**Student:** 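Below is a structure I'd like to ask you about.
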Amino acid sequence: HKKFLMVGYTSDTLVRNVLAVLVEQFGEAHIDFSLSKKEASIFGHKVMLEYAHDEKASGKIRGITLDGAYCDEVSLYPESFFKMLMTRLSKRGATCTCTTNPDVPTHWLKTDYIDREDELNEKCWFL
């Protein structure tokens with residue numbers, strides 16, 4: 001049983017930027033979600049939903065092991081959340097896909113992750 005996580009800065013941005021777009025594109029028969037349960041079904045795959053708008057967010061994913069994650073607007077997240085997420089992708093072949101637009105060239109996401117040329121580039125994709 002694979003575990004997937006979809007993260008937004010807030011529930012509103014996750015719905016507006018990702019979930020509503022998926023429903024519009026593929027229909028409710030393939031995409032279903034519940035913000036109150038913090039879960040979605042995407043083409044039959046259960047996906048946990050989480051929001052990373054403050055420093056407490058990293059505690060929400062502590063202890064889980066993920067097969068994959070999708071992060072919307074990741075440059076807005078607290079750095080502590082993203083660091084925790086990277087440790088949760090410990091399964092062989094686990095990957096993370098992120099949308100981002102770092103505000104400045106010195107943003108922690110750009111300097112500590114996007115510009116790295118090591119094994120992280122095989123695990124994390126930035127769009």
Side-chain angles (χ1 to χ4, degrees):
H1 166 58
K2 294 190 175 212
K3 287 189 180 180
F4 298 100
L5 177 69
M6 184 178 284
V7 184
Y9 183 67
T10 65
S11 60
D12 290 344
T13 59
L14 187 61
V15 170
R16 181 180 60 242
N17 296 347
V18 183
L19 295 168
V21 174
L22 290 174
V23 170
E24 183 179 308
Q25 183 96 28
F26 300 108
E28 292 178 6
H30 300 291
I31 312 295
D32 184 40
F33 62 92
S34 169
L35 296 180
S36 62
K37 293 180 182 177
K38 292 173 102 176
E39 64 183 32
S41 175
I42 300 176
F43 291 99
H45 296 281
K46 183 179 175 184
V47 178
M48 297 174 285
L49 304 177
E50 200 50 76
Y51 320 112
H53 59 276
D54 61 28
E55 288 295 332
K56 294 183 266 184
S58 62
K60 299 174 185 177
I61 60 170
R62 185 174 286 124
I64 61 174
T65 302
L66 298 168
D67 292 281
Y70 175 84
C71 299
D72 180 57
E73 297 183 354
V74 70
S75 59
L76 299 177
Y77 302 178
E79 184 176 4
S80 61
F81 180 87
F82 194 74
K83 283 182 176 181
M84 177 63 73
L85 178 60
M86 292 299 98
T87 68
R88 305 296 84 212
L89 294 164
S90 57
K91 284 188 176 181
R92 181 182 171 111
T95 60
C96 181
T97 301
C98 305
T99 61
T100 185
N101 187 11
D103 298 331
V104 294
T106 56
H107 189 283
W108 61 264
L109 184 68
K110 175 128 174 46
T111 59
D112 297 348
Y113 294 93
I114 295 173
D115 290 344
R116 286 176 55 176
E117 295 182 13
D118 59 10
E119 72 282 350
L120 179 67
N121 288 337
E122 296 174 17
K123 180 183 283 195
C124 209
W125 298 74
F126 296 98
L127 307 173

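Start at 1 with the first residue, then count along the sequence. This structure is a prediction, so every number in the text was calculated from the model and none was measured.
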**Student:** For the atom pair CG (D54) and NZ (K60), what is the distance rounded to the nearest 0.5 Å?
**Tutor:**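 Reported to 0.5 Å precision, the distance equals 6.0 Å.
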**Student:** Between L35 and S11, what is the shortest heavy-atom contact and its length?
**Tutor:**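 Scanning both residues, the minimum pair turns out to be CD1-CB, 4.2 Å.
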**Student:** Does V15 share a hydrophobic cluster with V21, counting links as ILVMFWY side-chain heavy atoms below 4.5 Å and allowing steps through other members?
**Tutor:**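 No; V21 is not reachable from V15 via cluster members.
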**Student:** Output, in order, the C-alpha distance, side-chain angles, deciding distance and verdict of side-chain contact (heavy atoms from CB on, under 4.5 Å) for Y70 and V7.
**Tutor:** CA-CA 6 Å; Y70 175 84; V7 184; over 6 Å; no
**Student:** When you compare the side chain of R62 with that of M84, does any pair of heavy atoms fall below 4.5 Å?
**Tutor:**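 They are in contact (side-chain heavy atoms under 4.5 Å apart), so the answer is yes.
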**Student:** Under a single-linkage definition using a 4.5 Å side-chain heavy-atom cutoff for Ile, Leu, Val, Met, Phe, Trp and Tyr, are V47 and F26 assigned to the same hydrophobic cluster?
**Tutor:**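 Yes: a chain of side-chain contacts under 4.5 Å links V47 to F26.
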**Student:** Is there a side-chain contact between T99 and V18 in this structure, where contact means two heavy atoms from C-beta onward sitting under 4.5 Å apart?
**Tutor:**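 They are not in contact (no side-chain heavy atoms under 4.5 Å apart), so the answer is no.
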**Student:** Before giving the answer on side-chain contact (heavy atoms from CB on, under 4.5 Å), spell out for Y77 and H53 the whole-Å C-alpha distance, their side-chain angles and the decisive distance to 0.1 Å.
**Tutor:** CA-CA 6 Å; Y77 302 178; H53 59 276; over 6 Å; no
**Student:** To check you understand the geometry: which heavy-atom pair defines the closest contact between C96 and L89, and what is its length?
**Tutor:**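 Shortest heavy-atom separation between C96 and L89 comes out as CB-CD1, 3.5 Å.
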**Student:** Specify the closest pair of heavy atoms between A40 and F33, including all atoms of both residues, with the distance to one decimal.
**Tutor:**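 Looking at all heavy atoms of both residues, the closest pair is CB-CB, 3.7 Å.
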**Student:** Is any side-chain heavy atom of Q25 closer than 4.5 Å to a side-chain heavy atom of I31?
**Tutor:**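 No. Closest side-chain heavy atoms not under 4.5 Å.
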**Student:** Measuring only between side-chain heavy atoms, which start at C-beta, is D72 closer than 4.5 Å to Y9?
**Tutor:**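 Sidechains of Y9 and D72: no contact.
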**Student:** Which pair of non-hydrogen atoms, one from L85 and one from C71, has the smallest distance, and what is that distance?
**Tutor:**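 Shortest heavy-atom separation between L85 and C71 comes out as CD2-SG, 3.4 Å.
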**Student:** Quick check: do L5 and R88 have side-chain heavy atoms less than 4.5 Å from each other?
**Tutor:**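 With C-beta onward as the side chain, the pair stays apart.
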**Student:** Would you mind reporting whether T65 and K3 have side-chain heavy atoms less than 4.5 Å apart?
**Tutor:**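 Heavy-atom side-chain distance check fails, nothing below 4.5 Å.
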**Student:** Determine the minimum heavy-atom distance between V23 and E28, stating which atoms define it.
**Tutor:**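 That would be CG1-CG, 3.7 Å.
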**Student:** Please check if the side chain of H107 supplies one atom and the backbone of S75 the other of a donor-acceptor pair under 3.5 Å.
**Tutor:**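 Side chain of H107 to backbone of S75, a donor-acceptor pair under 3.5 Å: yes, one is there.
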**Student:** Does any part of the side chain of T100, heavy atoms only, come nearer than 4.5 Å to the side chain of E73, both counted from C-beta?
**Tutor:**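 No, side chains not in contact.
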**Student:** Can you find a heavy atom in the side chain of V74 that is under 4.5 Å from one in the side chain of L109?
**Tutor:**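 Side chain of V74 against side chain of L109, heavy atoms only: contact under 4.5 Å found.
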**Student:** Could you grab the distance from atom CG of L66 to atom OG1 of T87, nearest 0.5 Å is fine?
**Tutor:**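 If we round to the nearest 0.5 Å, L66:CG and T87:OG1 are 9.0 Å apart.
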**Student:** Please work out whether the ring planes of W108 and Y113 are parallel, tilted or perpendicular, with thresholds of 30° and 60°.
**Tutor:**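 Perpendicular, since the angle between the ring planes exceeds 60°.
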**Student:** Is F4 reachable from F43 through a run of hydrophobic residues whose side-chain heavy atoms are each under 4.5 Å from the next?
**Tutor:**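 F43 clusters together with F4.
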**Student:** Which atom names give the shortest non-hydrogen contact between A52 and A57, and what distance separates them?
**Tutor:**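 It is CA-CB, 3.7 Å.
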**Student:** Sequence neighbours left out, what pairs pass side chain to side chain donor-acceptor pair (under 3.5 Å) with at least one residue falling in residues 30-42?
**Tutor:**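 The answer is S34-S36, K38-E50.
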**Student:** Taking NZ, NE, NH1 and NH2 as the nitrogens, is one of them in K91 or D67 under 4.0 Å from a carboxylate oxygen of the other?
**Tutor:**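 The answer is yes: the pair qualifies as a salt bridge.
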**Student:** Got a sec, which residues hit side chain to side chain contact (heavy atoms under 4.5 Å, CB included) with S80, two or more places apart in sequence or on another chain?
**Tutor:**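 Here the qualifying residues are E55, S58, P78.
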